[in-house]
Number of protein chains: 2
Amino acid sequence: MSDRRQQHSHPLSDLEIARQATMQRILPLAQTRLGIPEDQLEPYGHYKAKVSLDYLNTLDNRPNGRLILVTAISPTASGEGKTTTTVGLTDAFNALGTMTMACLREPSLGPCFGMKGGAAGGGYAQVVPMEDINLHFTGDLHAIGAANNLLAAMIDNHINWHQNDESGLDNRRITWRRVLDISDRSLREVITSLGGVGNGAPREGGFDITVASEVMAILCLATDLKDLERRLGNIIVGYNRKSEPITARDIQAHGAMTVLLKDAMKPNLVQTLENNPVLVHGGPFANIAHGCNSLVATQAALKLADVVVTEAGFGADLGAEKFFNIKCRKGALQPELAVLVATIRALKLHGGATADTLDQENLTALAKGFSNLARHVDNLRRFNVDVIVAINRFSSDTEKERSELMDYCRELGVQAIETDHWAQGSQGAVNLANACLTALSETTPDRFKTLYPDDMFLWNKISMIATELYGASEIVADQKVRDQIRSYQAHYGHFPICMAKTQYSFSTDPHLKGAPNHHVVPIREVRLSAGAEFLVVICGDIMTMPGLPKTPAANQIGLDEDGQIIGLF
Amino acid sequence: MSDRRQQHSHPLSDLEIARQATMQRILPLAQTRLGIPEDQLEPYGHYKAKVSLDYLNTLDNRPNGRLILVTAISPTASGEGKTTTTVGLTDAFNALGTMTMACLREPSLGPCFGMKGGAAGGGYAQVVPMEDINLHFTGDLHAIGAANNLLAAMIDNHINWHQNDESGLDNRRITWRRVLDISDRSLREVITSLGGVGNGAPREGGFDITVASEVMAILCLATDLKDLERRLGNIIVGYNRKSEPITARDIQAHGAMTVLLKDAMKPNLVQTLENNPVLVHGGPFANIAHGCNSLVATQAALKLADVVVTEAGFGADLGAEKFFNIKCRKGALQPELAVLVATIRALKLHGGATADTLDQENLTALAKGFSNLARHVDNLRRFNVDVIVAINRFSSDTEKERSELMDYCRELGVQAIETDHWAQGSQGAVNLANACLTALSETTPDRFKTLYPDDMFLWNKISMIATELYGASEIVADQKVRDQIRSYQAHYGHFPICMAKTQYSFSTDPHLKGAPNHHVVPIREVRLSAGAEFLVVICGDIMTMPGLPKTPAANQIGLDEDGQIIGLF
């Protein structure tokens with residue numbers, strides 16, 4: 001993932017660093033650092049554990065810790081380092097004596113076998129045991145896949161046995177798709193139920209990757225098992241011949257799906273390389289879903305720690321916006337501070353530099369690309385959170401580039417701190433942590449506000465995001481799409497918006513770097529996630545099932561003579 | 001599953017009994033009962049653990065315990081009780097002071113949501129935690145599914161990028177199928193890669209249920225991770241345009257598959273209701289595969305316990321035959337005793353009684369149906385193992401039926417013991433355990449022999465099984481099938497045979513109860529499992545992907561107010 005191996009000429013791979021870590025047993029760590037009794041934890045091996053939901057319920061009366069979001073400028077091929085910053089900052093807070101937990105997303109298994117690389121941080125800012133976290137972990141994604149596909153089987157089973165039922169599902173109007181946690185382009189579009197009457201009624205369908213399942217989004221927004229079951233029941237799986245929606249509840253699938261997910265709902269406790277506790281739980285797509293770890297994990301961490309550092313997918317225009325407008329709204333979270341991660345290399349890309357020239361000083365490109373950072377800062381402030389820019393250092397950054405970037409930030413009135421946690425762990429993020437502590441001492445959690453109220457019209461919510469955050473002049477849509485949005489207004493008008501657009505630009509054109517203005521945001525399609533309780537607004541090609549490259553990483557993955565994994569990271 | 005709820009008028013369900021169990025923590029149980037140090041176990045919650053393969057390797061020099069197989073007469077709708085007998089007998093041995101472990105198969109998740117019922121024993125002869133074992137357990141089946149489907153994705157990816165490669169896979173000759181651990185008839189036959197060039201080359205394919213994957217059979221026969229990787233590499237995924245086989249090794253998938261399976265290879269330790277240690281590991285289909293738990297688990301148990309009780313799928317004609325001829329051969333196991341489970345109800349069904357009359361005394365049907373038991377006894381003795389008949393009691397059994405059955409067994413020269421472990425736990429199987437101990441004291445492990453040698457011709461191996469065990473007069477096959485068998489002779493002639501036929505009859509006609517003679521066994525198809533290292537001989541319709549019934553159990557499954565599962569068992 002990205003060019004972080006170039007960050008410094010570090011001799012060790014992420015995996016080698018992770019293997020050198022001295023992990024603490026998770027049960028005693030949870031007991032001594034968080035006060036969680038051993039019998040309220042379910043160990044998965046000696047270094048991973050699920051936290052009991054019953055135990056978490058007993059913490060309701062505790063005050064909440066302070067909530068910090070780590071987000072980033074618009075991503076580039078260069079990579080910014082949100083996860084490493086989240087981990088490094090967490091370690092730095094703890095090194096300074098502030099009890100702090102990180103909340104991260106669970107990686108998807110599928111892409112590990114396509115492009116080499118894991119998703120548990122990197123360098124000396126990692127979460128461990130990193131191989132487990134990147135492979136099956138505690139089975140959450142498998143459980144989500146099973147629940148998703150049980151629903152699919154029950155849909156086709158319903159069609160098979162209720163063909164003549166006027167009120168039943170219309171075979172031509174099934175919207176629910178199957179999932180697998182694998183990158184497999186050949187499953188994107190399939191025809192199922194071939195082979196005759198015994199195999200059901202043929203129809204077109206397809207598979208997404210598991211993290212794109214609405215079940216994942218639901219698991220990450222549900223407040224408890226009851227809320228999980230309610231939301232699963234609300235999933236719209238298709239329509240009957242009168243075009244009326246049919247839900248998972250209508251075909252009585254939601255109870256069994258909840259049973260399959262009862263363990264997956266429990267947050268997963270692991271640790272950083274510096275033995276600080278981290279919850280890694282849930283990981284929905286950041287385009288067709290909201291791209292943050294589970295609400296349950298974040299709420300648990302807020303009860304267990306004085307400070308909680310979490311991250312959201314993609315750049316702040318998508319990740320932070322959805323974190324604030326969807327997750328914080330639904331969970332009544334009160335974030336106080338956003339750390340905006342940037343790199344000089346990425347800013348130069350935004351300013352027109354090409355990838356092969358990033359090692360060379362380029363003050364012109366840096367000055368031009370700064371517009372991307374500036375707009376993200378402006379946007380974040382609209383949510384009434386404090387903003388600190390974290391400049392993730394690379395060895396190619398020149399003195400001049402560094403000082404100019406600092407000047408730009410000063411002009412913008414935003415504090416900027418250089419970090420080097422990738423190479424130095426907590427020590428590389430102590431300055432950032434100190435700046436955050438100062439900022440927290442000067443703010444209060446009640447300042448946070450969402451961008452739009454629940455009762456604003458859906459169309460106006462979309463328009464507000466596009467014009468006020470993306471810098472667009474307007475949103476446009478075919479009459480058909482407009483009609484669809486209007487049809488959702490009565491029942492679902494209070495839902496927040498989940499924008500699905502390219503992460504590479506404020507606009508819908510991935511090549512428009514920097515901070516484009518006066519562009520138009522065309523809405524291609526809207527999809528109702530009635531269980532997750534948001535309206536997905538699709539503005540461009542959104543890939544929900546990746547493919548493998550010509551030479552997939554899997555070709556080189558295996559076990560060495562000692563049974564150690566090679567080729568995975 | 002069967003009518004075991006009628007076995008006695010017991011007021012509690014299996015689930016209620018399981019919930020009343022006082023489980024012991026698995027780490028101390030493993031330490032005190034088996035001497036396994038805590039750091040050689042990976043806990044999954046407090047009551048399940050995986051045993052380290054490195055630790056098991058250190059036991060190589062220990063002597064083996066004694067190996068007992070629990071098998072059954074040809075199954076009927078009535079159910080016989082192999083798993084409950086295995087568990088009850090294990091508890092009874094331990095109650096008598098003989099350190100004994102059971103080795104069982106892992107249940108498939110999919111069917112739980114179709115027909116109500118679990119697969120971890122029943123009544124007071126159960127393995128716990130039964131809900132976990134029946135749901136995701138330790139994730140082995142999910143890992144097998146992921147490995148199977150990674151291979152499938154890599155196959156289609158290979159086709160996508162190597163269309164013009166003469167030596168590459170022929171899109172029309174792919175034999176590898178995808179899997180899901182769900183009952184879903186609509187996935188049996190599908191067309192994939194629709195939607196244009198970006199989604200690959202369309203072809204016909206299909207899904208099996210996960211336990212039917214060759215990966216499952218391989219995991220259950222592999223001796224260690226190296227052997228696992230070797231066997232995975234040998235899987236034939238399809239053929240090139242010259243009809244030459246292409247393997248998983250050819251497309252470099254076997255290493256990554258091994259990485260996905262490295263934890264699944266470790267046996268899972270749980271306990272009986274009476275707190276005796278049990279390994280539950282692996283569960284291949286008993287038709288297209290060999291139907292026994294993993295070799296690794298059985299070998300581990302033989303090092304850890306004085307007596308090991310294990311079971312094999314279906315009746316003895318399929319399950320025991322494959323256990324002996326495939327698993328024991330490959331693993332150099334030396335079983336000494338077979339316990340043949342029968343019920344009076346099932347014998348009456350074999351003798352022509354109908355299911356609705358089983359509560360009534362029917363000595364004629366019993367006498368007639370005894371032929372089924374008698375042939376299984378004869379067959380088992382061909383492997384030079386001692387045989388004891390275990391009559392699993394039902395409250396409907398009459399005194400007269402019971403004494404006549406005892407008489408028949410005496411005439412046959414086989415010891416028969418009534419058991420009532422379902423209602424009484426270990427006490428209900430103490431007589432059986434004592435009989436087994438006496439039998440073991442009179443035999444030695446070196447007596448066991450397989451039915452046929454490795455170097456017998458494939459055709460003759462099949463013929464020997466059919467004529468000598470099934471009572472058939474001959475096997476027949478089309479010239480095409482004969483040619484195929486002949487073509488495998490050179491490279492795979494040393495492979496054992498894996499018969500896939502109906503479990504309900506010695507013949508290939510499920511309605512031919514009792515002990516039919518002079519029937520013909522038609523071979524419809526042969527399939528080479530080059531990784532599992534056996535030749536599958538298909539004699540009849542074999543379903544590798546179940547469907548859901550009109551009213552699936554899933555409709556009633558959910559969590560109650562206290563978060564307890566309802567409707568699953």
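Chain identifiers are assigned alphabetically (A, B, ...) following the order of the sequence lines, protein sequences preceding nucleic acid strands; residue numbering begins at 1 within each chain. Keep in mind that what you see is a predicted model, and the values were worked out from it rather than measured.
There is no contact between B:Tyr47 and chain A, counting heavy-atom distances below 4.5 Å. Residue B:Ile159 does not touch chain A at all, counting heavy-atom pairs closer than 4.5 Å. With a 4.5 angstrom heavy-atom cutoff, B:Lys50 does not touch chain A via any of its atoms. Only the side chain of B:Gln556 comes within less than 4.5 Å of a heavy atom in chain A; its backbone stays farther off. Residue contact with chain A, scored on non-hydrogen atoms closer than 4.5 Å, involves the backbone and the side chain of B:Asn149 alike. For B:Asp39, the parts lying near chain A are the backbone and the side chain together; criterion is any non-hydrogen pair under 4.5 Å. Heavy atoms of A:Ile182 lying under 4.5 Å from chain B belong exclusively to its side chain. Neither the backbone nor the side chain of B:Arg203 comes within contact range of chain A, judged by heavy atoms closer than 4.5 Å. Using a 4.5 Å cut-off between heavy atoms, A:Phe113 touches chain B through its side chain atoms alone. Both the backbone and the side chain of B:Leu150 have a heavy atom closer than 4.5 Å to some heavy atom of chain A. Contact annotation for B:His142: both backbone and side-chain heavy atoms come within less than 4.5 Å of a heavy atom of chain A. Contacts of B:Leu135 with chain A are made by side-chain atoms alone, with heavy-atom separations under 4.5 Å and no backbone atom involved.
Of the candidates A:Asn199, A:Asp156, A:Ile155, A:Asp156 is the only one forming a side chain to side chain contact (heavy atoms under 4.5 Å, CB included) with B:Ser186.
Interface summary for chain B: among A:Gly547, A:Gly139, A:Ala143, the most heavy-atom pairs under 4.5 angstrom belong to A:Ala143. Considering only heavy-atom pairs separated by less than 4.5 Å from chain A, the leading option among B:Asp54, B:Leu225, B:Leu187, B:Asp181 is B:Leu187. Contact tally against chain B (heavy-atom pairs below 4.5 Å) for A:Arg178, A:Lys48, A:His158: the top residue is A:Arg178. In terms of heavy-atom pairs under 4.5 Å with chain A, the best-connected choice from B:Glu229, B:Glu189, B:Glu42 is B:Glu189. Of all the listed residues (A:Gly45, A:Pro43, A:Gly200), the one sharing the greatest number of non-hydrogen pairs under 4.5 Å with chain B is A:Pro43. Among B:Pro202, B:Gly145, B:Gly195, the residue with the largest count of heavy-atom pairs under 4.5 Å with chain A is B:Gly195. Options A:Leu548, A:Ile566, A:Leu53 differ in how many heavy-atom pairs under 4.5 Å they form with chain B, and the most are formed by A:Leu548. For the set B:Gly196, B:Pro552, B:Gly558, B:Ser193, the entry with the most heavy-atom pairs within less than 4.5 Å of chain A is B:Ser193. The candidate from B:Ile251, B:Asp132, B:Ile557 with the greatest count of non-hydrogen atom pairs under 4.5 Å with chain A is B:Ile557.
Looking at A:Asn157, its side chain never comes within 3.5 Å of a backbone N or O of B:Asp184 through a donor-acceptor pair. A donor-acceptor pair under 3.5 Å links the side-chain atoms of B:Arg188 to the main chain of A:Gly198, judged by distance alone. Using modelled atom types, one side-chain atom of A:His46 and one backbone atom of B:Leu41 make a donor-acceptor pair closer than 3.5 Å.
Contacts of residues 253-264 of chain B with chain A at a heavy-atom distance below 4.5 Å involve B:Gly255, B:Ala256, B:Thr258, B:Val259, B:Leu260, B:Lys262, listed in sequence order.
The heavy-atom pair separating B:Ala153 from A:Ser183 by the smallest distance is CB-O, 3.7 Å. The minimum heavy-atom distance between A:Trp161 and B:Arg185, with the atom names listed, is NE1-NH2, 3.7 Å.
With a 4.5 Å cut-off on side-chain heavy atoms, A:Leu194 and B:Glu204 do not count as touching. In this structure, B:Asn555 and A:Met154 have side chains that are in contact, with non-hydrogen atoms separated by less than 4.5 Å. Put simply, the side chain of B:Gln252 does not reach to within 4.5 Å of the side chain of A:Thr551, judged on heavy atoms.
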Evaluate the side-chain contact (heavy atoms from CB on, under 4.5 Å) criterion for residues B:Leu180 and A:Leu180: first the C-alpha distance (whole Å), next the side-chain angles of each, then the deciding distance (0.1 Å), finally the verdict. CA-CA 9 Å; B:Leu180 274 183; A:Leu180 275 182; 3.6 Å; yes
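Between A:Thr138 atom OG1 and B:His136 atom NE2 the span is 10.5 Å, to the nearest 0.5 Å.
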